[in-house]
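Here's the structure we're looking at; comments come further down.
For clarity, every value in this text was computed on a predicted model and none was experimentally measured. Order of listing sets the numbers, starting from 1, for every ligand and every atom in it.
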Amino acid sequence: MNSCDGSRKDVWSGEVVVAANEPIAESTWKVALDAPDFAALANPGQFLMLRLPECVDPILGRPFAVFDADPSTGRVEAVYAVVGKATSRLARLPVGAKLELWGPLGNGWRAAKRATPPKRLVLVAGGVGSAPFHMLVKELMARPERDRPDATYVFGARSENRLNCVDDFRRLGVDVRIATEDGSVGAKGLVLDVLPELFSETTDPRDVQIFACGPTPMLRAVAKWSAERKYECWTSLESPMACGMGLCFSCVVDWKNDDGTWDYKRTCVDGPVFDAARLKWD
Ligand SMILES: Cc1cc2nc3c(=O)[nH]c(=O)nc-3n(C[C@H](O)[C@H](O)[C@H](O)COP(=O)(O)OP(=O)(O)OC[C@H]3O[C@@H](n4cnc5c(N)ncnc54)[C@H](O)[C@@H]3O)c2cc1C
């Protein structure tokens, strides 16, 4: 099935089959779906909506970042933390079960595209905030070296048992740094404790882009840290949302206009990737 009147060629919706669904860390699962039409459309940083068929509680779909979408195999993957009703039910789905899927949705990291690519790109993830970076890193590492920014992936978690997908990123060949709050792996502390070692006093802010996804306190801290150094920072938000298509306005965030006045933007259609300097973090 595609969009009802065929007018949206960039969004697909239909029923898909679960090809794999396994725990990968504490309370964290990865689901793989056979969805070739969707896989052909997805861009790094976009998200998908999943709904449990014939389910009235919850009746709404839930948004998840596209972790991977491979047009050659038709496989689409998402990584999810089990936090409530939908994700608990999702974690109980066996291989062969059906799900309703629609997307890809949102702007993705292309919102941050510059005329001249940055020399230094730092990707900061916390928890399942790793998910929207996987396709981006895959795409970056497939470029010839001369066209690739110097990229580092920084992942933060509470403890070793919460680490997810780190090996996927290592396999792609990107420089990976880890911080855990209890020091069980990598640096002891928060992602913010790792960031200073990635830059020097001679770093030109114009050469830098920082992308971040994870819990709001982490995004707030990374946005503030970046602003203090005049580093451009883009954040991928996970504001709770109902429709994912711009209709319900349940996911609005405060957004600063050029003249300094405030407006609303919908995370689903205007985001989820936003220039952090335009968002209200207090
Ligand atoms: C664009 C986007 C991308 C996302 N990508 C991912 C992803 O890749 N992996 C992933 O695990 N999650 C992701 N999320 C969050 C995910 O959608 C929610 O965790 C999910 O909807 C929870 O559904 P549930 O029915 O299990 O929980 P519910 O029963 O609806 O809620 C359980 C608890 O979690 C809280 N909660 C629900 N949604 C959110 C949220 N978005 N932010 C903070 N707290 C919330 C509720 O307030 C409640 O306390 C994303 C959200 C957005 C908007």
Quiz prompt | Per-atom contacts of ligand 1 with Phe47, taking only distances under 4.0 Å to non-hydrogen atoms | solution = 1 (C)
Quiz item: Is there a side-chain contact between Leu123 and Val174 (heavy atoms, below 4.5 Å)?
Solution: no
Quiz prompt | Parallel, tilted or perpendicular, as decided by the 30° and 60° cut-offs, for the rings of Phe133 and Tyr153 | solution = perpendicular
Quiz prompt | Atom indices of ligand 1 within 4.0 angstrom of Thr87 heavy atoms, with elements | solution = 24 (P), 26 (O)
Quiz item: Relative to the heavy atoms of Met241, which atoms of ligand 1 are at a distance of less than 4.0 Å?
Solution: 53 (C)
Quiz item: Which atoms of ligand 1 have any heavy atom of Ala131 under 4.0 Å away?
Solution: 8 (O)
Quiz prompt | Lys/Arg-Asp/Glu bridge criterion (N-O < 4.0 Å) met for Asp207, Arg120 | solution = no
Quiz item: Is a salt bridge present between Glu232 and Arg114, judged by a nitrogen-to-oxygen distance below 4.0 Å?
Solution: yes
Quiz prompt | atom 29 (O) of ligand 1 [closest protein heavy-atom partner, distance rounded to 0.1 Å] | solution = Lys85 N, 3.1 Å
Practice problem: List the steps and the verdict of side-chain hydrogen bond (donor to acceptor under 3.5 Å, both in side chains) for Asp182 and Ser159. | Solution: CA-CA 6 Å; Asp182 63 1; Ser159 182; 2.6 Å; yes
Quiz item: What part of Ala86 sits under 4.0 Å from ligand 1 if we count only heavy atoms: the side chain, the backbone, both or neither?
Solution: both
Exercise. Considering only non-hydrogen protein atoms, determine which one is nearest to atom 27 (O) of ligand 1 and report residue, atom name and distance to 0.1 Å.
Key: Gly84 CA, 3.4 Å
Quiz item: With a 4.5 Å limit on heavy-atom distance, are the side chains of Thr28 and Val82 in contact?
Solution: no
Quiz item: Should one rank Ala65, Gly61, Pro63, Pro272 by closest heavy-atom distance to atom 13 (C) of ligand 1, which comes out on top?
Solution: Pro63
Quiz item: Is the NZ or CZ atom of Arg266 positioned over Phe249's six-membered ring, under 6.0 angstrom from the centre and within 45° of the axis?
Solution: yes
Quiz item: Does atom 19 (O) of ligand 1 have a protein non-hydrogen atom under 4.0 Å from it?
Solution: yes
Quiz item: Going by an N to O cut-off under 4.0 Å, is there a salt bridge joining Arg177 and Asp175?
Solution: yes
Quiz item: When you measure from atom 41 (N) of ligand 1 to every protein heavy atom, which one gives the shortest distance, and what is it?
Solution: Glu238 O, 2.6 Å
Practice problem: Determine if the distance from atom 43 (C) of ligand 1 to the closest protein heavy atom is below 4.0 Å. | Solution: no
Quiz prompt | Sub-4.0 Å protein heavy atom next to atom 4 (C) of ligand 1 | solution = yes
Exercise. Could you tell me whether atom 37 (C) of ligand 1 has a protein heavy atom closer than 4.0 Å?
Key: no
Exercise. Answer yes or no for Lys224 and Trp281: cation-pi contact, defined as NZ/CZ to six-membered ring centre under 6.0 Å and angle to ring axis within 45°.
Key: no
Quiz prompt | Protein contact of atom 11 (O) of ligand 1 - nearest heavy atom, named by residue and atom, plus distance | solution = Ala81 N, 2.8 Å
Quiz prompt | Pair Asp34 + Arg75: basic N to acidic O under 4.0 Å | solution = yes
Quiz item: Can we call the ring centroids of Phe211 and Trp109 under 6.0 Å apart?
Solution: yes
Quiz item: Counting only heavy atoms, which portion of Val82 has something under 4.0 Å from ligand 1: side chain, backbone, both, or neither?
Solution: neither
Exercise. For atom 33 (C) of ligand 1, state which one of Leu105, Thr216, Val273, Val83 supplies the nearest heavy atom.
Key: Val83
Practice problem: Flag the pair Phe199 / Trp225 as yes when their ring centroid distance falls below 6.0 Å, and as no otherwise. | Solution: yes
Exercise. May I ask you to identify the nearest protein heavy atom to atom 12 (N) of ligand 1, giving residue, atom name and distance to one decimal place in Å?
Key: Phe64 CD2, 3.8 Å
Exercise. Mind checking whether Ser239 contacts ligand 1 via backbone (N, CA, C, O), side chain (CB onward), both or neither, at a 4.0 Å heavy-atom cut-off?
Key: backbone
Exercise. Might you check, step by step, whether the distance between atom 47 (O) of ligand 1 and some protein heavy atom is under 4.0 Å?
Key: no
Quiz item: Mind checking whether Trp102 and Arg51 have side chains closer than 4.5 Å, heavy atoms only?
Solution: yes
Exercise. May I ask you to list the atoms of ligand 1 that are less than 4.0 angstrom from any heavy atom of Tyr80?
Key: 9 (N), 10 (C), 11 (O)
Practice problem: Could you list the atoms of ligand 1 found under 4.0 angstrom from a heavy atom of Val79? | Solution: 7 (C), 8 (O), 9 (N), 10 (C), 11 (O)
Self-check item: Where ligand 1 meets Arg62 - atom numbers and elements under 4.0 angstrom, heavy-atom basis
Solution: 20 (C), 21 (O), 23 (O), 24 (P), 25 (O), 30 (O)
Self-check item: Presence of salt bridge, Asp258 and Arg278, under 4.0 angstrom
Solution: yes
Practice problem: Look only at interatomic distance and state if Val128 has a nitrogen or oxygen under 3.5 Å from any nitrogen or oxygen of ligand 1. | Solution: no
Quiz item: Taking the non-hydrogen atoms of Leu237, is any one of them nearer than 4.0 angstrom to ligand 1?
Solution: yes
Quiz item: Can you tell me if Thr267 has a non-hydrogen atom under 4.0 Å from ligand 1?
Solution: no
Quiz item: Would you say Pro240 touches ligand 1, if touching means a heavy atom closer than 4.0 Å?
Solution: yes
Quiz item: What residue among Thr203, Thr152, Val208 forms side-chain contact (heavy atoms from CB on, under 4.5 Å) with Leu198?
Solution: Thr152
